[in-house]
Amino acid sequence: MDQDFSKPQKQSATGVIIMFANNLQKVIRAVALPLIFIVLKSKGNYGIELILGISFLFLLLLAIYAWFSYQQFSFFLDEDKQEFVINEGIFNKSTLTIQLNKIQQVNINQSLLQQIIGVYSLDIDTAGSEKKEASIKAIDHLTATRLKQRLLSERDPITATVAVATPKPMLKLSNATLLKVGITSNYGASILLLMGFIFGLIQFFKDYTALFEVETTEIYAELSQGFGFISICFFIGFALIVVLGTNIIRTFIRYFQFQIIRQTGALAISSGLLTRKNTLLTPKKVQLSAYSQNYFQKKLGILNIKVKQAAYGTADEEESKKSHIEIPGCNELERQDILKMIYDQIPQKGKALIPNYRFLFLQIMLKIVGPSVLSCFFAFSVYQPLQPYLALLIPYAILVLILLYFEYKHHRLYASQGFIIKKSGIWDITEEIIEIHKIQAITSKQYFWHKKADVGHLLLHTAAGVIHFKYGNYSQINNLVNYWLYQLERTKKDWI
Amino acid sequence: MQEFTNDPIDINLLPQFQEVPLNGLSPKYWKIVVINMGIFIAVTTIGIIFLLLFNAEIKKYTGLIIGAYLFLMVLMFLLYRADVNRRGFAVREKDIIYRHGLIAISTTIIPFSRIQHIALDEGLFSRMYQLGQLRIFTAGGNSGSLHIPGIEIEEARQIKELLMRQISLQD
């Protein structure tokens with residue numbers, strides 16, 4: 001099975017197509033807007049032949065460019081120096097050298113185009129903040145897996161052997177689970193998407209009427225006439241179906257055939273419909289893990305897990321997004337399995353810290369009393385026609401009050417030996433777990449008017465974000481801070 | 001195997017960060033704040049004078065505008081004074097503490113073992129008064145790092161040296 005990687009070799013021949021497509025995409029992105037602008041401005045002065053001719057010439061040039069980049073791209077494994085070398089570039093030749101022991105993980109991915117052509121891309125992630133990330137864009141699956149093994153074998157011989165015999169996945173999501181996840185999660189994001197879509201439609205409609213000089217007033221009159229109660233109900237029902245539909249589609253695209261495979265010292269996670277994404281979850285690198293569940297999900301017995309690996313400082317924004325791993329649709333047992341895998345034990349909730357009632361006070365002032373007073377003032381002294389609508393303030397106040405109450409009820413901090421768990425949320429109830437030795441810095445904060453009431457706030461800064469507990473008992477918080485500092489400064493455990 | 005103990009600990013006997021006496025910033029730092037404020041006041045004053053000279057409509061309210069402006073400046077002065085007075089820091093055996101804030105008083109503690117790197121800045125005015133600003137970074141991003149201005153440059157260098165030694169000791 002040994003394949004010789006020590007001699008420089010090219011990508012799969014079809015790599016030319018990938019390179020061509022990539023370059024085309026880049027160029028189109030860069031020049032599309034100005035080009036459309038020029039074409040519209042010229043209003044057909046130049047004739048369609050010229051435009052077509054230029055485009056054709058351009059494509060030809062790109063094709064030649066792609067051919068040469070394919071010819072110049074080669075990679076090989078230097079066994080003596082323990083290095084992986086990639087040569088590329090037509091005019092500016094560049095050599096990328098990666099020490100084998102610096103390699104963190106090797107991912108084999110497939111985009112839609114790559115799926116059609118039947119090739120894979122191989123991405124190599126290296127340690128540290130240096131942005132040397134290597135990528136081979138077109139490689140067949142056998143070569144890719146063998147190369148992956150060889151690249152990783154230096155670091156950890158066991159991983160490589162395990163990878164040969166694909167073990168049974170530790171967690172695999174069925175389509176039914178995905179359906180459940182799609183129906184019950186991410187309403188917010190989908191509603192935003194839908195609103196963007198609707199605004200786009202409205203804009204399009206406006207442009208259309210302007211273009212054909214349709215009498216807009218007529219249409220609007222008709223619209224407002226027909227906008228009765230039934231049509232509003234119909235519209236809401238329709239919107240609901242669209243939101244759920246987009247949710248389900250999004251979920252399937254992201255998490256299709258989601259599976260977790262246990263490797264030595266890590267979990268390999270892969271999912272995706274159009275592109276298969278592989279990520280490696282290394283327990284030591286986990287900074288924060290969270291699981292969330294809403295009312296429906298509780299009834300269905302599923303929850304979503306989010307794991308954040310070291311991000312800040314070590315890499316840029318894109319990198320940090322990539323290191324956040326979402327595991328949708330687990331059941332209680334699988335959650336315990338995953339937590340056990342990450343922490344060697346299931347974090348226990350210790351004593352709960354309950355926020356002071358002042359937690360509600362400021363929020364009620366800001367979100368209920370303030371707006372009410374303002375709108376009353378506005379309705380009585382500036383714009384009288386608003387007065388009949390003031391009654392709407394009552395259901396608004398009740399709704400906000402209920403939401404605030406749930407936010408207050410769910411805002412809890414649990415401190416136990418080795419772990420800190422923070423619970424929060426209104427609808428989606430999230431529990432974030434951090435280990436004490438993952439804390440980077442601690443801030444305790446108090447407004448001066450809270451001194452007498454002994455109320456204060458706590459901020460735990462980690463490499464994966466801040467945990468914020470508000471309106472707690474300040475002496476209790478300070479005691480905990482002292483305890484955590486003691487643990488933190490005594491431990492030999494490093495945070496990464 | 002090393003000697004292993006696991007005695008219960010009394011949380012009240014642990015070192016209390018909130019009772020550590022803090023060092024205030026150098027009194028000279030106030031002068032820098034005053035210089036900065038002076039520049040700000042000079043610029044805004046010129047702006048207001050121009051506005052009053054060239055805009056006839058506003059001229060009617062000259063007294064009111066000048067009054068409000070003076071009030072705001074005095075308020076700013078007092079708030080800055082109180083803010084600078086409240087700031088303080090302390091270096092313990094294993095961590096560094098910084099307290100700041102006017103309305104909300106925050107105390108941030110960074111254990112030496114979590115420090116990523118340290119920067120010592122000298123601005124134009126701070127150099128005139130031999131002051132420096134210590135910036136201490138952790139992997140916790142912006143929110144998890146400290147900026148302590150107005151430390152005597154010699155002291156700041158010493159603290160930096162000390163922290164650097166501690167960091168290398170940890171590794």
Side-chain angles (χ1 to χ4, degrees), chain A residues 129 285 287-288 309-315 317 320 415 417 434 436-451 455-468 470 474-496, chain B residues 2 4-20 79 82-83 85-86 90-117 135-148 166-167 169-171:
Chain A
S129 53
K285 270 171 72 182
Q287 301 296 314
L288 188 153
Q309 307 195 65
Y312 278 144
T314 48
E317 194 73 13
S320 73
Q417 200 130 35
I434 54 169
I436 289 174
H437 68 269
K438 303 279 175 178
I439 297 175
Q440 301 289 336
I442 307 179
T443 301
S444 77
K445 189 165 118 185
Q446 187 177 41
Y447 291 100
F448 66 79
W449 59 85
H450 281 155
K451 222 170 220 165
V455 169
H457 314 270
L458 169 75
L459 286 94
L460 299 168
H461 311 271
T462 76
V466 181
I467 294 215
H468 197 164
K470 299 176 205 161
Y474 200 51
S475 357
Q476 225 173 352
I477 286 178
N478 283 340
N479 270 339
L480 278 173
V481 170
N482 284 321
Y483 172 66
W484 288 329
L485 284 172
Y486 164 73
Q487 294 273 345
L488 202 55
E489 287 159 6
R490 198 182 56 142
T491 183
K492 287 271 186 297
K493 283 185 199 161
D494 210 358
W495 63 275
I496 191 160
Chain B
Q2 279 180 340
F4 179 78
T5 55
N6 196 6
D7 301 323
I9 42 167
D10 185 354
I11 289 184
N12 293 315
L13 291 182
L14 291 175
Q16 306 278 309
F17 80 89
Q18 64 272 39
E19 278 156 24
V20 175
L79 286 179
D83 179 42
N85 276 344
R86 273 166 192 260
V91 181
R92 291 201 290 183
E93 253 176 70
K94 292 189 168 68
D95 51 26
I96 181 161
I97 303 175
Y98 179 51
R99 190 182 64 198
H100 65 105
L102 193 60
I103 298 164
I105 301 138
S106 324
T107 314
T108 300
I109 307 129
I110 298 181
F112 294 152
S113 56
R114 296 295 179 265
I115 296 175
Q116 291 272 27
H117 63 279
R135 289 189 296 156
I136 299 165
F137 299 91
T138 69
N142 262 338
S143 74
S145 57
L146 284 187
H147 299 225
I148 312 177
Q166 292 290 344
I167 296 171
L169 233 136
Q170 305 278 347
D171 288 334

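Protein chains get the first letters and strands the later ones, always in sequence-line order, with residue 1 at the start of each. Every heavy atom of this structure was used, including side-chain atoms; hydrogens, water molecules and symmetry mates were not.
The most heavy-atom pairs under 4.5 Å with chain B, out of A:Thr491, A:Leu485, A:Ile439, come from A:Leu485. Taking A:Asn482, A:Asn479, A:Thr443 one by one and counting their heavy-atom pairs under 4.5 Å with chain B, the maximum is reached by A:Asn482. Chain B forms more heavy-atom pairs under 4.5 Å with one residue of A:Lys445, A:Lys451, A:Glu489 than with any other, namely A:Glu489.
Neither the backbone nor the side chain of A:Leu480 comes within contact range of chain B; no heavy atoms are under 4.5 Å apart. Contact of B:Pro15 with chain A is made through the backbone alone, with heavy-atom distances under 4.5 Å. Only the backbone of B:Leu102 comes within less than 4.5 Å of a heavy atom of chain A; no side-chain atom from C-beta onward does. Proximity to chain A (any heavy atom under 4.5 Å) is restricted, for B:Arg92, to the side chain, taken from C-beta onward. Residue contact with chain A, scored on non-hydrogen atoms closer than 4.5 Å, involves the backbone and the side chain of B:Ile103 alike. Contacts of A:Tyr483 with chain B are made by both backbone and side-chain atoms, with heavy-atom separations under 4.5 Å.
Not a single donor-acceptor pair under 3.5 Å links the side chain of B:Arg135 to the backbone N or O of B:His117. Panel note: side chain B:Gln166, backbone B:Ser113; no donor-acceptor pair is recorded below 3.5 Å. Between the side chain of A:Ser444 and the backbone N or O of A:Asn478, no donor-acceptor pair lies under 3.5 Å. In terms of modelled atom types and a separation under 3.5 Å, the side chain of B:Gln16 and the main chain of B:Leu14 share a donor-acceptor contact.
Taking the six-membered ring where the residue is Trp, the centroids of A:Tyr447 and A:His457 are separated by under 6.0 Å.
Counting heavy atoms from C-beta outward, A:Lys438 and B:Arg114 have side chains that stay 4.5 Å or more apart. Looking at heavy atoms from C-beta onward, B:Leu79 lies out of side-chain contact with B:Asp83 at the 4.5 angstrom threshold.
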